[in-house]
Amino acid sequence: MRRLVGLVGPFWGVMAFAIMAGIAGHLAAIAVPVAGLAAALSAAGFDFMPAYGTLFAVLAACAVARGVLHYLEQTANHYIAFKLLARIRHLVFAALRRLAPAKLTGRGSGDLISVITGDIELLEVFYAHTISPVAIAIGVSVVVVAAEFALHPVFAAIAATSFAVVGAVVPVVANAASGASGKRFRDELGALDTYLLDSLRGLGEAMQYGVARARGAEFFRRSATLADREAELKDRAGANQAAMSVVVWLFDLAIAIAGLHLFYFGHITLAHMLLGTVLLMSSFGPVLALASLGTGLQQTFAAGERVLGILDEEPAVAEVAVGMEPAGAEVGVDGVTFSYGGDPVLDDISLAVPEGAIMGLAGKSGSGKSTLLALIMRFWDVDRGRIEVGSVDVRSASTHGLRRTQSLVTQDTHLFNESLADNIRIGRPDATDAEVEAAARAVRIHDVIAGLPGGYATRAGELGDVLSAGEKQRIGLARAFLRDAPLMLLDEPTSNLDSLNEAAILRALEDGRAGRTVVIVSHRPSTLAIADRVVSLEGGRLS
């Protein structure tokens with residue numbers, strides 16, 4: 001809660017306004033029945049009361065003020081909430097960018113979507129309906145206890161005890177009773193989102209192999225389990241609300257009995273007894289709002305934990321804002337050892353790729369070829385040894401400068417649901433249409449794009465489904481050609497291409513190799529034939 005409150009930051013002025021408006025609004029609401037009772041007592045002849053006409057005017061003014069002040073309070077709270085949700089989304093996206101790709105590898109995309117959308121949206125409850133209500137409840141309680149003390153200290157003691165029990169003890173007990181139910185619910189919801197997204201993406205394969213119905217049944221089973229979990233949370237919240245009603249009724253009864261006792265023994269007048277009782281009975285609104293937070297905030301705090309977990313997670317590799325710029329495109333790998341969480345992948349690897357050379361990496365799947373490219377990109381840091389690009393250790397090189405030197409093409413190319421021209425232009429955002437077309441021609445994708453109804457303006461569709469796997473791979477290569485970085489890292493760049501297109505792309509690489517260093521990973525001897533030198537990785541070691 002402290003961390004979430006800390007994110008309010010620049011909006012504390014608006015929050016203070018919301019709190020003051022809320023306190024004034026609740027006091028106006030409390031004043032309505034109290035002023036009404038006072039007016040009735042004045043009309044009945046209690047001579048120490050103000051004129052009942054004046055009291056009725058106060059009552060009417062308070063009724064109108066309550067509506068206006070409540071509107072101002074809610075407007076201010078929701079202004080803060082929605083501004084903060086935008087700020088938190090910005091922080092989460094920045095954190096994901098910082099964590100990618102190492103810390104996001106293997107994490108379910110559905111779970112991330114659940115955090116970015118549902119979890120952040122759920123924090124609106126905290127910022128709009130929690131922070132200021134807590135302060136409002138405290139402020140109103142202090143004023144009411146002071147007013148009760150003016151009537152009699154016993155009234156003040158009962159009021160203070162009742163507010164503490166209803167506004168503090170009950171929420172804490174309810175929260176403890178709920179345990180980690182809220183977090184389990186949010187975690188299971190994220191897992192369900194991941195399962196659904198995975199099922200939708202693989203729907204064609206599921207139908208082909210006759211498992212679509214089974215996956216659907218599993219989805220409904222998980223949904224039913226999640227619904228049962230949510231029902232448990234709501235049942236607990238309902239039970240807490242029922243218990244709270246009994247607690248409030250007992251305190252109402254306590255002050256009524258105390259008032260009768262004090263009046264019977266002549267310690268207070270009948271008017272004081274009635275005013276003290278009605279004042280307490282009409283002032284539970286702010287603390288009752290807190291009483292429901294014990295279970296109502298379980299999911300909100302669970303969502304907050306998941307959001308803060310992303311914000312707090314340390315990246316596998318810290319960006320270097322100010323560092324040396326690679327002076328060239330030669331690559332040096334010296335005694336590199338690397339493992340994923342203790343599982344060795346590379347063991348004492350050393351090799352050199354001169355500037356302007358094409359180096360081929362061969363080997364079985366899992367031998368560490370793609371990992372070596374990722375280390376050159378500094379997606380991870382080596383456990384031992386050193387990797388240099390342009391005679392600069394990648395760990396001390398400026399991250400921006402290092403990225404500007406490199407381009408990476410993998411066998412799985414992601415296309416954004418934007419125009420095909422913009423998808424290619426990712427390689428260099430300021431590229432002209434002519435330069436985009438030239439890159440497309442170089443990788444033999446121009447004719448395919450030109451044949452589409454919208455040409456280069458055609459949207460790629462969700463997950464790039466407008467194009468085939470081989471065509472998407474050529475879009476990835478077009479990005480790299482357009483970027484024209486001095487160091488090109490290619491991971492199975494022709495895995496989805498036929499022989500004709502493979503030959504054309506290799507010819508384009510050969511024609512454009514001047515001043516460019518290329519490291520190419522492939523299982524195809526025909527692809528590796530372009531390399532000046534081919535080395536093989538076997539079990540994490542050069543062979």
Side-chain angles (χ1 to χ4, degrees), residues 22-50 52 55-56 58-59 61-63 65-66 69-70 133-174 238-294:
I23 291 174
H26 279 286
L27 291 177
I30 293 169
V32 170
V34 174
L37 173 62
L41 293 173
S42 177
F46 286 81
D47 53 8
F48 61 87
M49 291 289 176
Y52 64 85
L55 290 169
F56 274 123
V58 171
L59 185 154
C62 287
R66 168 56 178 163
L69 291 167
H70 182 69
V134 170
I136 290 168
I138 293 173
V140 171
S141 298
V142 169
V143 173
V144 171
V145 169
E148 294 282 16
F149 186 83
L151 295 173
H152 197 279
V154 173
F155 285 168
I158 293 174
T161 303
S162 64
F163 293 152
V165 170
V166 174
V169 175
V170 170
V172 170
V173 171
N240 290 335
Q241 286 291 100
M244 183 52 53
S245 298
V246 174
V247 171
V248 170
W249 181 84
L250 289 175
F251 278 113
D252 288 341
L253 181 63
I255 199 167
I257 293 173
L260 286 171
H261 178 83
L262 293 172
F263 172 66
Y264 180 79
F265 286 100
H267 297 297
I268 58 174
T269 66
L270 176 63
H272 287 96
M273 181 197 77
L274 294 174
L275 287 171
T277 303
V278 170
L279 176 60
L280 181 65
M281 288 181 174
S282 60
S283 60
F284 277 108
V287 290
L288 278 174
L290 301 187
S292 63
L293 298 181

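These numbers come from the heavy atoms of this one structure, side chains and all, not from hydrogens, waters or symmetry mates.
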Would you give the length of the straight line joining atom [atom1] of [X] to atom [atom2] of [Y], rounded to the nearest 0.5 angstrom?
| X | Y | atom1 | atom2 | answer |
| --- | --- | --- | --- | --- |
| Leu280 | Ser162 | CG | OG | 4.5 Å |
| Leu260 | Ile255 | CG | CD1 | 11.0 Å |
| Met281 | Leu253 | CE | CG | 8.0 Å |
| Leu250 | Asp252 | CG | CG | 9.0 Å |
| Ile158 | His152 | CD1 | NE2 | 10.0 Å |
| Ile23 | Ile138 | CD1 | CD1 | 9.0 Å |

If we only count heavy atoms from C-beta on, is the [X] to [Y] side-chain gap below 4.5 Å?
| X | Y | answer |
| --- | --- | --- |
| His261 | Val154 | no |
| Ile268 | Leu151 | no |
| Ile30 | Val140 | yes |

Which heavy atom in [X] sits nearest to a heavy atom in [Y], and how many Å separate them?
| X | Y | result |
| --- | --- | --- |
| Ala63 | Val32 | N-CG2, 3.9 Å |
| Thr269 | Phe263 | C-CD1, 3.7 Å |
| Val34 | Ser282 | CG2-OG, 4.3 Å |
| Ala159 | Glu148 | CB-CG, 4.1 Å |
| Phe155 | Ala258 | CE2-C, 4.4 Å |
| Ala271 | Leu41 | CB-CD1, 3.8 Å |

Between Phe284 and Phe251, how do the two ring planes meet: parallel, tilted or perpendicular, split at 30° and 60°? tilted

Give a yes or no on whether the backbone of Met273 and the side-chain of Thr277 come within a donor-acceptor separation of less than 3.5 Å. yes

